[in-house]
Structure formats: structure tokens, C-alpha cells
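Here is the structure we will look at, set down as C-alpha cells.
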Number of protein chains: 2
Amino acid sequence: MKTRSTQLPDTSDDAAKPKAAATDRTFAILELVASASGPLAVKTIGATLGLPKPTAHRLVNSLIDKGLLARDLETRDVIIGVEAARLAVGILRASLSRAPVRSVLRAVSAELGETCNVGVLDGGDVVYLDRVEVEHWPLRLQFGVGSRVPMHCTAMGKLFLATLPDGMRSRLLASGPFSAQTAHTLTDPDALAAELERIGARGYSLDDEEYVVGVFCVAVPILSSTGRTVAAIAVQAPKVRLSHDRVEQVLPILRRGAEALSAQFG
Amino acid sequence: MKTRSTQLPDTSDDAAKPKAAATDRTFAILELVASASGPLAVKTIGATLGLPKPTAHRLVNSLIDKGLLARDLETRDVIIGVEAARLAVGILRASLSRAPVRSVLRAVSAELGETCNVGVLDGGDVVYLDRVEVEHWPLRLQFGVGSRVPMHCTAMGKLFLATLPDGMRSRLLASGPFSAQTAHTLTDPDALAAELERIGARGYSLDDEEYVVGVFCVAVPILSSTGRTVAAIAVQAPKVRLSHDRVEQVLPILRRGAEALSAQFG
DNA sequence: CGTAACGTCTCACTCAATGAGACGCTGAAA
DNA sequence: TTTCAGCGTCTCATTGAGTGAGACGTTACG
């Protein structure tokens, strides 16, 4: 649910423990070599990732032993290994099952000219399953695929809340105070309940700067074959480009995407 | 004092410690998921790799936190994550930039006298992994290494579609309307399906001004050792220089390049 | 309403990873 | 040649990250 780094007994001395897991570092090295333009010296790898000299060599050699990395024959530089290529082919093949979703999302995003994403409800918050961006703006890294956002102040989250069974909804509504992310965030349970009522009746959900200042959001449900809301598709954009006056315009496009996606989930 | 309270049902005489390397196991999990035919239950992963229950969950969740794995929507099964796909594209690109391999594409391009590129399928579109140009023309910057092009209107894309398993192909064909890039683009699913049929039978794919006006393209598959299409190599040129009448001429050259490159993908 | 299967949590234990420092190698400058 | 500098390798005390048995929740199902 929360972040994963488990620093339990760290009380007073803060952030002075850059202890890193071997696995994290290993993947960092692999990714670095994969994204490099050419062969890399171990020195460079260590310097880039801030690894002590022996550690860098140990991890690199360990990857070489696995065949994931290799050494250039004359220079001793590090290049990608044959096992990595095998793994990569497998990964791309396995990730094919995601292709249809992404395909739809891209089409919707292209038509709207704005960033779109697909998310589901997991635990107490919304998880982004996939995302197609249209430009580079600050939100980009903050809310990438896999990141979690609250339910009470996002278009998707409120949509899920509105379509939940009554019992679970009231339980979630009672589950504590809602943080005020912006001045527009609905923190009062009654106001939120009323908003959910509206959303349920309309069949779509809006986020008018309730989570991030200056960002407007529209979300529609993705229904399973049984008619249950299993996911949602949303568009988000700066409010200067997307606001209440454009909602009627984007809805049919979003709904078409949602319909195409519901076929994939059914 | 050591408690031998539990007699394990087997392994009575092995002096070998339960040797555990977190990194090895993590990569084993990733590879297992990547090479699986579909979503895997954590139970299955643990059983296959001989991992204790909590350990299996810990490692899997750690990979999920990194975005390398993900969970299926309704079933809680494990599938490949989006970060893994990103990593995979990087790996394949890096592995193609290795000197011995790069020369293959250069040779093909030189022999044909036209621009050639190598690409794979990722997330519903084609990604160029490598590219050798022969002259400076408008497409140059637009479709460099790393750029993505649609599936339905490119030689490579259609080739991938044609060699996909039936289920996945039909799901992708159902995943939305196909944008008409030019007057020649196949936008009708039925017409596209018929074209894919032809491509599958012929073993190569053509793009006759379906993506860019005036550009003709020929693509052949790069097969893995198991005979699966894992990538493709293509030549593209202005139609005045490359068209149907030259296809038979370029095919053997492309195929020779494809064969040389196939070793790179296992 | 068991019950069975699976996921999560806890918690001592301990082994694998860590990294400062010493040492060796090779190649280029002096 | 010698000297020096930059890298890679080796050693080893230290420790905390990883481990896994067992207990506990949580669904799914007959």
C-alpha cells in the first residue's frame, strides 16, 4: 500500500542511510547499459550510479556471469549480453497482451490531443495501468504508470467510488479524513457523497483542480460484460485547454475508447 | 540452539545450504514471467523456482514496485510490466549497436542502395531499433531510431500482425478504428485481415504508400531459433526507385540480412 | 459452516553483500 | 629505463538485507 523502503529503526538520523539493495543496483546497471549509446567503462557506471569501486565491479561481473552483460573484446568496456537480448525478446512477447489496451489509448489520446490514462481501483486508491502522453509537462514523471493517486480527489477515483456497492462506498467514505490537496478538494464527506450521487447519475466524472492546481480531468467507466465498472479511462489537461465547456466534446471520444476497451476486458 | 523441529520430507542428505541470492532469484522470476505463455500465479512461480511462500511474494512484489511486473486486473496473477517493456526495447537497441551486428544492416543497405531499418513490436506499435540511411530526405528525422510507427499501415507492422497468434491478432484488429494516413491506407478491418492473410502466405510484407505518400516499403521477418518472428528488417525508398517490380530483387538480400540478424535474438 | 487454498505479517537468524584499503597490472609520460 | 596514474582485483571485518517457519487474515467453495 505505502512505499516500500522499510526503514524501521531509523529514528533520529535522517536520510544518512543511502543503503541500497543489491537487486536495485543491478537493475540500475542493466538499464544504464541498455540505454547507453555505446560501450561503457565500469568506472563510468560506478560514477554514474554512485557505486564504490569494488561494488561496481562485483555487480557488473555478476551480470556478466549471467550473460546479461558482456565485455567488449579489445577495450574491456561493458556492453549488453546475449542473455539480455533473449530476455528482452521474451519480455516484448509477453507484453503483447497489453498491446490492445495501449492501442486504444493511443487512438483516444491522438484524437483528443491530450494525455490519457487507464486505471483501476486497488486497495484504497487508483492505480494507473497505462498512459499515453502528448507532451512533456511536470506531471509526467509524477504520475506515471503504476503510480497511485487518491480516490476522493481524482476523476477516476470518484468514478469508482460512485459505482461501488453502497456498503463498500460508505465504508470507504467513513475511512477517515480526506486530505485537501488543493483549495478545490472535496474534504467534507457530505459534499463528496453529493458529488458521487451526481457522478452516478451522469455516468462520467470530473476533476476540476481538486488534485493538482490548474489540471482538469474527465473520466468515464470501462464496463465488463456483466455491466460492472472494472476500470476507467480518463483524459487530463491544463485547464486552459480542457474545462467544463469542452466536456461534451470529449465525452463521446472517451466513451468510444471505453467501449473498445471493455471488449478487451470481457 | 538450533531447533530441528520440522523434518522436511526430503533432502535428508544434502549438505548444500539453501543457497540464496536475491538477485538471481529476481531475474529468474522475471525470465519466467517473460517466457510464460500467459499470466502466472505467484504460487506457480514459487513452485517452479522452489521458493518459500513469503519469499516468492516478497520478490514478486518488489518487481511490481519497480514496474517490471504487474498484476492482472481481476485475477491477481502476475504479468509483465510496462517498465520491463521499456527496458527490453533499450536492450535490443543496445544489442544491435554492437559492431558485428551493425555491419549487417550497413551491408544490406549498401547492397540495396536504400535506407534500411530493424524494428520490433512493442505495445501495439513498431519501434525502430536501428537504421541506416543512404541519403537525406524528409523522413529522416521523423522516423529515426527509437521512433514509433503504427502497425496497420507499415510493412513491418503488418508483418508482425500477420505472424501474431490468432487471438491476439483479432484482439488488436478489434482495438479500434485505423487512422487513414494516406489514400492508400487500409482502414477497413476486413480488407486489412485479407492483406494479413496474403502476407502470412508470402512470408514478406509490402507498404505501398499506405503510411507516407510516395514511399514504398518491403519487410521480411527476423526469426528466433524457435522459428518465431521476433523482429523485422525493412527497406524503404521513394516509389520511383522501389516498387512492385523490384520486390523479387530485394527479397533475397533482405532475407540474407534477416538470417544474419536472427542469431542476435536467440 | 467448516475447510482449504492463498496471501500477508512477524520476527529471530544469518549469510550474502558491502566498501575501505591494500595490492597488482598495464601503459604512457619523463 | 623509471615513475606515475588510472583501473581492476583481492582481502576482510562489519552489518543489515534477505530469509523462511509459523501464525494469522481473507476469500472461494462444497
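Each chain gets a letter, A, B and so on, in the order the sequences are listed, and its residues count up from 1.
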Quiz item: If you check every side-chain atom of His57(B), which of dT8(C), dA22(C), dA21(D) has the closest atom?
Solution: dT8(C)

Quiz item: Can you find a side chain N or O atom of Asn61(A) that sits less than 4.0 Å from OP1 or OP2 on dG8(D)?
Solution: no

Quiz item: Just how far, in rounded Å, is P of dA5(C) from CG of Asp77(B)?
Solution: 18 Å

Quiz item: Can we say Lys158(A) and Glu195(A) salt-bridge, meaning some charged N sits less than 4.0 Å from an Asp/Glu carboxylate O?
Solution: yes

Exercise. Establish, with yes or no, whether the OP1 or OP2 oxygen of dT18(C) is under 4.0 angstrom from a side-chain nitrogen or oxygen of Thr55(A).
Key: no

Quiz item: To the side chain of Ala22(A), which of dG8(D), dG7(C), dT18(C) is closest?
Solution: dT18(C)

Quiz item: In whole angstrom, what separates Leu63(A)'s CG from dA17(C)'s C1'?
Solution: 15 Å

Practice problem: Salt-bridge test for Asp122(B) and Arg148(B): reply yes if a basic N is under 4.0 Å from a carboxylate O, no otherwise. | Solution: yes

Exercise. Check whether any side-chain N or O of Arg25(A) sits under 4.0 Å from OP1 or OP2 of dA17(D), and answer yes or no.
Key: no

Quiz prompt | Nucleotide nearest Pro52(B) when distance is taken to its side chain, options dA17(C), dG20(D), dG18(D) | solution = dG20(D)

Self-check item: Euclidean distance, atom CG of residue Leu40(B) to atom C1' of dG7(C) [Å, nearest integer]
Solution: 17 Å

Practice problem: Could you check how far CZ of Arg76(B) sits from P of dT26(D), rounded to whole Å? | Solution: 14 Å

Quiz item: Whole Å only: how far is the CG atom of Asp24(B) from the P atom of dG18(D)?
Solution: 13 Å

Self-check item: Contact nearer the 5' end of DNA chain C, comparing Lys53(A) with Pro54(B)
Solution: Pro54(B)

Quiz item: Is it true that Asp130(B) and Arg102(B) have a side-chain N and a carboxylate O under 4.0 angstrom from each other?
Solution: yes

Quiz item: Would you call Glu259(A) and Arg256(A) a salt bridge, using N to O less than 4.0 angstrom?
Solution: no

Quiz prompt | Rounded distance (Å) that lies between atom C1' of dG8(D) and atom CD1 of Ile64(A) | solution = 12 Å

Exercise. Look at the side chain of Ser95(B) and the backbone N and O of Ala85(A), then say whether any donor-acceptor pair between them is shorter than 3.5 Å.
Key: no

Quiz item: Can you check whether Arg58(A) has a side-chain N or O nearer than 4.0 Å to OP1 or OP2 of dT18(C)?
Solution: yes

Quiz prompt | Distance in angstrom units between Leu59(B) CG and dT8(C) C1', rounded | solution = 15 Å

Quiz item: Within this structure, what is the CG-to-P distance between Asp65(B) and dG18(D), rounded to whole angstrom?
Solution: 12 Å

Quiz item: Does Ala41(A) or Thr23(A) map to a spot on DNA chain D nearer the 5' end, using the closest nucleotide for each?
Solution: Ala41(A)

